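The next block holds one structure in the form of structure tokens; read it before the comments.
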Protein chains: 2
Amino acid sequence: MAGAPNIREVALRAGVSVGTVSNVLNRPELVAEPTRERVYAAIAELGFVRNDSARQLRVGRSRTLGLVVLDVANPFFTDVARGVEDTANQHGLAVILCNTDEDPRKEASHLDLLAEMRVQGVLINPIDIDGRITALRGRGIPVVLFDRLGDPAVECSVAVDDVLGGRLAATHLIEAGHRSILFVGGPLTLRQVQERYEGAAAVVSAHDDVELTVLTTTALNVAAGRAAGDRLAAGGRDALPSAVFCANDLLALGVLQALTHAGLRVPADVAIVGYDDIDFAAAAAVPLSSVRQPRQQLGRTAAELLLAETTEDEHEHRQVVFEPELIVRDSSVR
Amino acid sequence: MAGAPNIREVALRAGVSVGTVSNVLNRPELVAEPTRERVYAAIAELGFVRNDSARQLRVGRSRTLGLVVLDVANPFFTDVARGVEDTANQHGLAVILCNTDEDPRKEASHLDLLAEMRVQGVLINPIDIDGRITALRGRGIPVVLFDRLGDPAVECSVAVDDVLGGRLAATHLIEAGHRSILFVGGPLTLRQVQERYEGAAAVVSAHDDVELTVLTTTALNVAAGRAAGDRLAAGGRDALPSAVFCANDLLALGVLQALTHAGLRVPADVAIVGYDDIDFAAAAAVPLSSVRQPRQQLGRTAAELLLAETTEDEHEHRQVVFEPELIVRDSSVR
DNA sequence: GCGCAGAGCTGAATCGGTTCAAAGACGGCC
DNA sequence: GGCCGTCTTTGAACCGATTCAGCTCTGCGC
């Protein structure tokens, strides 16, 4: 009796059968009012809490959803996670958070665990797109990709149009009169970096008088940005581009810091545009212009697609592509 | 057969009993080598994945751990979450993430869900310290508080010594020659804010020639900091304190931005010290001096205490208090 | 040849809800 | 009174892994 009263004890106390208690829990409208009240009372008196594993075992699936991200410490994923959590909670689902640290082995082991838990579905920003993901799907667990488009024949996916984002940034800078633009970002093997660059390059190629150069970085963090900024500043005032477009805000913050430190003024000497519009972009000493991605929206939509896949009879996979939006602040306006 | 082969099918295929398969899964050393190999082969051929709810139902507890935070989007909690996740993963546990948004009702509903899931334990930065938490514990689910000390008779807790943090900041500023210090933070009802202020006040009161004033804010975010900075700047150069100590880095970033915008120089005109040492503190245009909290460490330790409570026979509740560390950067050194 | 130890394996009981066919209660109607 | 339909409630089967008492088999010692 101590510790964990079960449904049988509740039934005993309320003077009904276990089936009735279960009905009160799951389809209260089937149970007559006085009986229902008696059951509720018994539950309260015993402090009964439904054992979810037993329910799960019978029903076949759990009330959880797996979220697999590269790194929770990255504000981008944090905001996506918020969106996922909100939507999941609205549907009574809990979210299991997994970090992969860009390690395919960690990704695999997390997916194995989620499979054992029979989660309702998995939202993932995948590293290794095939392998286990296909296996999961084969086991009837829907998988939705986010921040990465997949094959619409087999899966739903949600992403942001990074090529468009690159176009927006470049168009803005050109319209502001800049004729030499430097793209800072890397590694170029990352799809996001690649596409942001392509977008900018497409716009620039339509203007004969505009020049686009590239400075590749090894990572997308503040330290890499600072290193890039130092290199720029070291080249001397004459070698400076008139504007810098960074593949994400962390890089942009690093560049901003290094340039300011070298005595250069932003945007007077060099304009800067970042990408992501993380909260700290607006909070920088020179508020950063940035290409905003609807991060929470991304998470919410991914979760909704997943739920649709589990509930709809005839599910058709969808690809949702969001449009980014340019937020102009001080760093790019003279 | 389609979808989800179970342990019985594996047994059939390997030509052994279900008990043997279970032994291979859980205590492989009990099973003779050739049999074991046959079972492994059958598992691989069928693509068998253990059903965790069935295991859980039998064993009585799950392999998950609940983490309840005020807001994942806050970098402080994000880093704590990283620490928790790392430790949990090392022990084969998954982490269920819950946001409360400082709403006691959301906190309660999350705790109910975690109770139904029979999680191994809960790590929480509590709003409503009594109520459900006691109930959970009564049900045999250990609860560890973090960023908040609890009653050592009933629970483990992990926190950082915020009074000491306040002392460190104030001592540093006084030694740097500052004689008028402004504390910016609020609401003062928050324990953390209160204690950081107390620490600073204690140090100041030991110096007759130093003056400490307070500017309360309604929140701990960048916008509130900006508002505070604007008020300071509006008061004119003569009314300025020589140094500002902010209750967290978000406020400090806001103050920094507003002051810079008003044409004041940091640290020449006003020195600034923040609190938390979030990654963006180092990345600010004027790198921010800040009181560092061992956030990941906090998470790891909390998770370890929880695991200790579930495994030790004679568990004695512990209170772990970390010491913060002052990180001096440009914003407070002339 | 017999007894015994120990390794290896078996298979039924068990965990605690959910579900559903069927039984029971009750009222209305011919 | 008998029959029918509706509303409630019952209780046993079931989900799939774990566990453990007990069975079989082998080898060894006397």
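Because the structure is a prediction, the values reported are computed rather than measured.
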Using a 4.0 Å heavy-atom cut-off, does Arg27(B) contact any base of the nucleic acid, only the sugar-phosphate backbone, or nothing at all? sugar-phosphate
How many whole angstroms separate atom CD1 of Ile7(A) from atom P of dA12(D)? 15 Å
Just how large is the angle between the end axes of the helix from dG1(C)-dC30(D) to dC30(C)-dG1(D), five pairs per end, to 10 degrees? 60°
Would you mind reading off the distance between Glu116(B) atom CD and dC15(C) atom P, rounded to a whole angstrom? 20 Å
Using whole Å, what does the distance between atom P of nucleotide dT14(C) and atom CZ of Arg8(A) come to? 11 Å
What is the distance from atom CD1 of Ile43(B) to atom CZ of Arg38(B), rounded to the nearest 0.5 Å? 12.5 Å
Under 3.5 Å, is there a donor-acceptor pair between the Asp147(A) and Gln192(A) side chains? yes
Taking OP1 and OP2 of dT18(D), is either one under 4.0 Å from a side-chain nitrogen or oxygen of Arg50(B)? yes
Tell me whether the side-chain N or O atoms of Arg55(B) pair up with the base of dT18(D) as donor and acceptor below 3.5 Å, since no angle test is needed here. no
Phosphate OP1/OP2 of dT18(D): any Asn26(B) side-chain N/O under 4.0 Å: yes
Can you tell me how far the CD atom of Gln120(B) sits from the CD atom of Glu309(B), to the nearest 0.5 Å? 11.5 Å
Return the value, rounded to whole Å, for the distance between atom CZ of Arg63(B) and atom C1' of dA17(D). 12 Å
Take the protein atom CG of Asn6(B) and the nucleotide atom P of dG16(D), then report the distance between them rounded to whole Å. 5 Å
Can Lys106(B) and Glu85(A) be counted as an ion pair, charged N to O under 4.0 angstrom? no
Pairwise side-chain contact, Ile141(A) with Arg61(A), heavy-atom cut-off 4.5 Å (strictly under): no
Nearest-0.5 Å distance that lies between atom CG in Asp101(A) and atom CG in Asp86(B): 7.0 Å
Distance (rounded to the nearest 0.5 Å) between Ile7(A) CD1 and Thr20(A) OG1: 9.5 Å
Rounded to the nearest angstrom, tell me the gap between atom CG in Asp52(A) and atom C1' in dT18(C). 13 Å
In this structure, CG of Leu298(B) is separated from CZ of Phe76(B) (nearest 0.5 Å) by 5.5 Å
To the nearest angstrom, the CZ-C1' distance between Arg61(B) and dC15(C) comes to 15 Å
Would you give the length of the straight line joining atom OG of Ser17(A) to atom CG of Asn23(A), rounded to the nearest 0.5 angstrom? 8.0 Å
Phe48(B) CZ to dG16(D) P: how many Å, rounded? 10 Å
Does Asn51(B) place a side-chain N or O at less than 4.0 Å from the phosphate oxygens OP1/OP2 of dG16(D)? no
Contacts under 3.5 Å, N or O only, protein and nucleotides 8-11 of chain D:
unit_1, atom_1, unit_2, atom_2, d
dT9(D), OP1, Thr35(A), OG1, 2.3
dT9(D), OP2, Ala32(A), N, 3.1
dT10(D), OP2, Ser17(A), N, 2.8
dT10(D), OP2, Ser17(A), OG, 3.2
dT10(D), OP2, Thr20(A), OG1, 2.7

Quick one: which of dC15(C), dT18(D), dT18(C) gets closest to the side chain of Leu57(B)? dC15(C)
